[in-house]
Colleague: 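Have a look at this one before I ask anything.
Everything quoted here is computed from the prediction, not taken from an experiment.
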Amino acid sequence: METKTIVQLACLAATTAFYSIMLFTQKARRAKVLQKAGDCLYELTKPAKSKTMMTLFAIPCVLAFAFLIDYGAYFFILVCAVCSLGIFIVCKEDACAANTGIYKNALIAGGSYIEWNKIKGVKEGQFLEIELLDGKKIPIQTSGSEENAQLLKALETARAN
């Protein structure tokens with residue numbers, strides 16, 4: 001067996017193990033987010049899971065395709081690294097998306113966990129844009145004016161405390 005094949009098999013095994021671990025620990029990750037957030041004050045509309053499911057299906061397909069097509073070990077290592085990063089990002093966003101809402105300790109929306117004390121301000125427009133103290137801006141898409149009103153009310157309450 002060639003060294004290139006051994007390297008590719010090792011990378012494939014490592015990426016597959018990481019993929020499996022991330023999927024098996026997803027429920028615990030969601031529970032941890034909920035535990036940190038506290039009591040739910042208002043549940044926002046959850047985003048569709050189609051993006052998550054499509055990505056979790058596409059990653060093994062990309063790995064299999066990259067293994068079957070012989071572009072070399074470096075290309076395959078790069079594909080494995082990108083797939084691992086993709087798995088990590090999708091699982092992180094999914095843990096927050098599953099718990100989208102206004103909570104006692106934080107806002108969970110836009111695939112992000114945002115603590116109330118880290119919010120600098122909010123800009124209204126087509127989307128609500130939450131500006132954090134570190135300058136990062138997070139767009140939040142709500143399902144309508146009722147959710148916008150609830151979110152703005154929660155932000156004002158959090159600022160007052």
Colleague: Can you tell if the side chain of I108 reaches within under 4.5 Å of the side chain of I114, non-hydrogen atoms only?
Modeller: no
Colleague: Between R29 and M22, is any pair of side-chain heavy atoms under 4.5 Å apart?
Modeller: yes
Colleague: Go through the steps for E115 and N105 under the test side chain to side chain donor-acceptor pair (under 3.5 Å), then give the verdict.
Modeller: CA-CA 6 Å; E115 292 179 358; N105 302 327; over 6 Å; no
Colleague: Hey, is CZ on F88 packed in by over 12 heavy atoms from elsewhere, all under 6.0 Å?
Modeller: no
Colleague: Given side-chain contact (heavy atoms from CB on, under 4.5 Å), test T52 with E93 step by step and report yes or no.
Modeller: CA-CA 9 Å; T52 302; E93 283 187 5; over 6 Å; no
Colleague: Pick from M53, K51, K49: which one makes a side-chain contact (heavy atoms from CB on, under 4.5 Å) with D94?
Modeller: K49
Colleague: State yes or no: are the ring centers of F67 and F76 separated by less than 6.0 Å?
Modeller: yes
Colleague: Does M54 share a hydrophobic cluster with V79, counting links as ILVMFWY side-chain heavy atoms below 4.5 Å and allowing steps through other members?
Modeller: no
Colleague: Do L107 and I138 belong together in a cluster built from hydrophobic side chains that touch within less than 4.5 Å?
Modeller: yes
Colleague: Does any N or O in the side chain of Y113 come within less than 3.5 Å of the main-chain N or O of K36, such that one atom is a donor and the other an acceptor?
Modeller: yes
Colleague: Check for a donor-acceptor pair, side chain of Y103 on one end and backbone N or O of Q35 on the other, with a separation under 3.5 Å.
Modeller: no
Colleague: Going hydrophobic residue to hydrophobic residue with side-chain gaps under 4.5 angstrom, can you get from I140 over to W116?
Modeller: yes
Colleague: Short question: side chain of Q26, backbone of C91 - any donor-acceptor pair under 3.5 Å?
Modeller: yes
Colleague: Return each pair, listed once, that meets side chain to side chain donor-acceptor pair (under 3.5 Å) where at least one residue sits in residues 1-15; pairs must be two or more places apart or across chains.
Modeller: K4-D70
